[in-house]
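Position 1 is the first residue of the sequence; numbering continues from there.
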Amino acid sequence: MRVPLHTVIGDWIRDQISSGALPVGAPLPSEAELCARFGSSRGPVRQALAQLRSEGLIATSQGRVPAVQARPLAQSIDDFFSFTAWVQSSRRTPGQKTIEIARRVPEPAIAERLGLEASDEAVVVVRRRTIDGEPVMLERSWYVEQVGREIFAFDPDAGSIFAELIARGVPLDHGTHTIAAIAADELDAEQLDVPIGTPLLRVERITSSSDGVVLEYADDRYRTDRARLAIRNSRSRSAVAAPSEVRRLTPEGTTA
């Protein structure tokens, strides 16, 4: 069976990257050079480059030569506490820019997740998170008012909000995550430098104290070419190993 030409081109570029012949930051051969090397038209070349970009192996943008980029980081879903700590543990440089911080009444769906009455206020923080200066994730975090008021006392661009709140005695002890895909809206597209409608990895998190009091609801949206989520499983803790401990998923994605 004949291998499609775009697959051949893509495999050759992957080999060049994995062997170190094309290190991180190196520009790829031009479309014209790839066409000449493989006797191809521009169509298969562009198809191969699009696939490599979706895999997070190369970065492309209008007016710039495609270049090799660092592999997407894989964040364990168990380590939900700090984007900053995750990136630093990978010997990369985290960053953040606050887009909005405000105290207001959340929409009903968010108020319900936080266990608030319809007229209760909460504090919302919207931040763009970066790795080595490149936009990776847009976070929208809502905190119950007694927790959120603490954020006004420090600079949320200075580092991890979670770390600062924990240092101030806020019991951010447990997190429940729901993972899905979502199309980038206008704000996502602007802040993450992607077209509107680009598929993003969405992680919704409800954070609570050890005694079950909900303190935060977060909606984090990741560029899939720059971040991955890893989930660790253990058969000894699974429903297969312990059928009597099967946990039922509710429509909201939490367990019951």
> Mind checking what makes side chain to side chain contact (heavy atoms under 4.5 Å, CB included) contact with P4, not counting sequence neighbours?
Replying inline: H6, T7

> Pairs in or reaching into residues 114-123: which pass salt bridge (charged side-chain N to carboxylate O under 4.0 Å, His left out), with residues at least two apart or in two chains?
Replying inline: none

>> List the residues meeting side chain to side chain contact (heavy atoms under 4.5 Å, CB included) with A109, not counting sequence neighbours, and say none if there are none.
In response: E107, R113

Quick one: side chains of residues 210-219, donor-acceptor pairs under 3.5 Å with protein atoms, not counting sequence neighbours, listed by atom name and distance.
residue	atom	partner	partner atom	Å
D211	OD1	S209	OG	2.2
E216	OE1	R205	NE	3.2
E216	OE1	R205	NH2	3.2
E216	OE1	T207	OG1	2.6
E216	OE2	S141	OG	3.4
E216	OE2	R205	NH2	2.9
Y217	OH	E204	OE2	2.4
D219	OD1	R202	NE	3.3
D219	OD1	R221	NE	3.2
D219	OD2	R202	NE	3.3
D219	OD2	R202	NH2	2.9
D219	OD2	R221	NH2	3.0

> Which pairs count as ring-ring contact (aromatic ring centres under 6.0 Å, His included) when at least one residue sits in residues 89-137, sequence neighbours excluded?
Replying inline: none

> Which residue pairs pass the salt bridge (charged side-chain N to carboxylate O under 4.0 Å, His left out) test when at least one of the two sits in residues 143-160, sequence neighbours left out?
Replying inline: R103-E145, E145-R149, E150-R168

>> Just to verify, what does Q96 make a side chain to side chain donor-acceptor pair (under 3.5 Å) with, not counting sequence neighbours?
In response: R129

> A180: what forms a side chain to side chain contact (heavy atoms under 4.5 Å, CB included) with it, not counting sequence neighbours?
Replying inline: none

> Do W142 and R104 pass the side-chain contact (heavy atoms from CB on, under 4.5 Å) test, and can you show the C-alpha distance, the side-chain angles, and the key distance before you say yes or no?
Replying inline: CA-CA 10 Å; W142 287 85; R104 65 169 180 266; 3.8 Å; yes

>> Among residues at least two apart in sequence or on other chains, which ones pass salt bridge (Lys or Arg N to Asp or Glu O under 4.0 Å) with D11?
In response: R14

> Salt bridge or not for D188 and R140, using N-O below 4.0 Å?
Replying inline: yes

> Which pairs pass salt bridge (charged side-chain N to carboxylate O under 4.0 Å, His left out) with one or both residues in residues 21-35, sequence neighbours excluded?
Replying inline: E31-R42, E31-R46

>> Using the ring-ring contact (aromatic ring centres under 6.0 Å, His included) criterion, which residues pair with F38? Sequence neighbours excluded.
In response: W12

>> Applying side chain to side chain contact (heavy atoms under 4.5 Å, CB included), can you list everything that pairs with A50, at least two apart in sequence or on another chain?
In response: none

